[in-house]
Amino acid sequence: MERQMLRYTLEQLRSMDELLVCDREVDAKYELGGVLKYFKNKKPILFNRIKGSTLKGVGGLYGNRELFYKLLNTTHEDRLFKLMEAIANPQPYRVVKSGPIKENIIKRNIDLPRLFPIPKYHEKDSSSYITAGVLVVKDPETKQYYTSIRRLQVNGGNKLSVLIASPKLTQDFLELEKQNKPLEVAIILGYDAYFLMASQISSATYGVDKYEIDSALRGEPLELVPCETVDLLVPAYSEIVLEGRIVPGVREMEGPFGELMGYYGKVAPHPIIEIDCVMHRNDPIFQIAFPCREEHMTIGLIREVELYNTMKNQVDVVDVNITEGGGYRYGAFASIRKKNPGDGKAAIISALGSNKEIKYVVIVDEDVDIFDLQDIEWAIASRAQASEDVVIIPGALGSSLEPSHDLRGVSDKIGIDATKPLGEVAEKFERAIVPGYEDIDIRKYFPNMD
Ligand SMILES: Cc1cc2nc3c(=O)[nH]c(=O)nc-3n(C[C@H](O)[C@H](O)[C@H](O)COP(=O)(O)O)c2cc1C
């Protein structure tokens, strides 16, 4: 029985009663994205009828934290350790002769907009975009597999523009370009949570083969088949694979596109990919990710690993949250077991240093729920004094994608120490509790309540 990639995930979602099915026809232009946006990309939706296409589409798959834990076969408490374990102990993948992805192979007259229902999301977007495609390349030297999601602007026919914000990938391409050679790529659609998670682990930081990380995460070898026209392996059970080349010496304008934090990003010249071969399963399901929503949850999870690891060198960390409201990049909440008077400030210093994109951090005690904004506000309101507990660092390295500093990549940082003091005064901060409150079953008192 097949247990890898999207079809198995859809089965899992159905059995958990977590898959919404849309039988009404939707337009891939604006309407489909609008429906996904309505659910904040936290509800997996299968679109059975997409205007002008015979294919089904699926979106909102991996934006819901609790559901994502289930699909990763982990829990909130274990998530950081599961990821660390996989990064530290990559496992071999398995090459198989064939798989369902080879059911259809197209090598001529490739017209991507005709083949697939590729959505257009925002009013000013330059074109339709493939937003969930995992780009696969092989490191030219180490031959390690490197996967990452890069948005792909549809330029017509078999051409896509690719936005690569990765120094390593850019460098690899530029080196080949100097020799007038293309970079061979494959784009994967129709994958599962393990494959996505592995693609988000920074290879620049860890120097890992992401197929091996995937195999470690899923607890069995990722099954791969050879491509038809490029020297790459791709998942045997994925829905769609586009094989092609990033072409040397060519740039085309990319954008505008509604992206990070819901703004339109820069229009700029970017490399293009020419697709030479399309493989797909029978009745392929086209995978969609509403831009900068569900994707960032997975990036947030990786950053939480980094935040936890950096902080634990200095303080006793309980839990960390790279916040949804901060785009899973800019904001962090962390709870600590405070043991020394300086722990709150030390936690701020280490948290702000864990990733250049973090702009603000709030440190709280272990009795505060860092996934409950109201509890965070309660801690700031009742445990912090601005003159003593707020740290501001002007002009540090920041994210070049965030517009508040005019995209200069230089950003102020702020930390709030909302931990209570130690010693005798701590008694004043004891939370009043109602004995037995947790055990109250309210339905016993109001049996007719909905
Ligand atoms: C759905 C989704 C879309 C993404 N789109 C882009 C993108 O268009 N460009 C980009 O550079 N990174 C994008 N990312 C982030 C990269 O995929 C991610 O940072 C990368 O895989 C991390 O690996 P690296 O540090 O080795 O580059 C996206 C992530 C997700 C989950």
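Numbering of ligands and ligand atoms starts at 1, following listing order.
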Self-check item: Cation-aromatic face contact Lys120/Tyr30, 6.0 Å, 45 degrees
Solution: no
Self-check item: Atoms of ligand 1, numbered as shown, that sit under 4.0 Å from any heavy atom of Thr131
Solution: 1 (C), 3 (C)
Quiz item: With a cut-off of 4.0 Å, which atoms of ligand 1 are near a heavy atom of Ser199?
Solution: 20 (C), 21 (O), 22 (C), 23 (O)
Quiz item: Below 6.0 angstrom between ring centroids: does that apply to Phe257 and Tyr129?
Solution: yes
Quiz item: Should the ring pair Phe290 and Tyr121 be called parallel, tilted or perpendicular, given that the plane angle runs from 0 to 90° and is split at 30 and 60?
Solution: perpendicular
Self-check item: No-hydrogen, no-angle side-chain donor-acceptor test under 3.5 Å, Glu220 and Gln4
Solution: yes
Quiz item: Relative to ligand 1, is Leu169 under 4.0 angstrom through side chain, backbone, both or neither, heavy atoms considered?
Solution: neither
Self-check item: Close-contact set for ligand 1 against Tyr146 heavy atoms, below 4.0 Å
Solution: 24 (P), 26 (O), 27 (O)
Quiz item: Does Ser166 approach ligand 1 within less than 4.0 angstrom via side chain, backbone, both or neither, non-hydrogen atoms only?
Solution: side chain
Practice problem: Rounded to the nearest 0.5 Å, what's the gap from OG on Ser400 to NE2 on His405? Could you check? | Solution: 7.5 Å
Quiz item: At a 4.0 Å threshold, what atoms of ligand 1 neighbour a non-hydrogen atom of Arg151?
Solution: 7 (C), 8 (O)
Quiz item: Where the closest heavy atom to atom 9 (N) of ligand 1 is concerned, which of Leu163, Ile164, Leu401, Leu135 has it?
Solution: Leu163
Quiz item: Is the closest N or O pair between Leu196 and ligand 1 shorter than 3.5 Å?
Solution: no
Practice problem: Assign the ring pair Tyr145 / Tyr211 to parallel, tilted or perpendicular, where the plane angle (0 to 90°) is split at 30° and 60°. | Solution: parallel
Exercise. Quick one: look at Lys210 and ligand 1, take heavy-atom pairs under 4.0 Å, and tell me if it's side chain, backbone, both or neither.
Key: side chain
Quiz prompt | Charged N-O contact under 4.0 Å between Lys178 and Glu175 | solution = yes
Practice problem: Can you sort out which atoms of ligand 1 are near Thr298, meaning under 4.0 Å from one of its heavy atoms? | Solution: 31 (C)
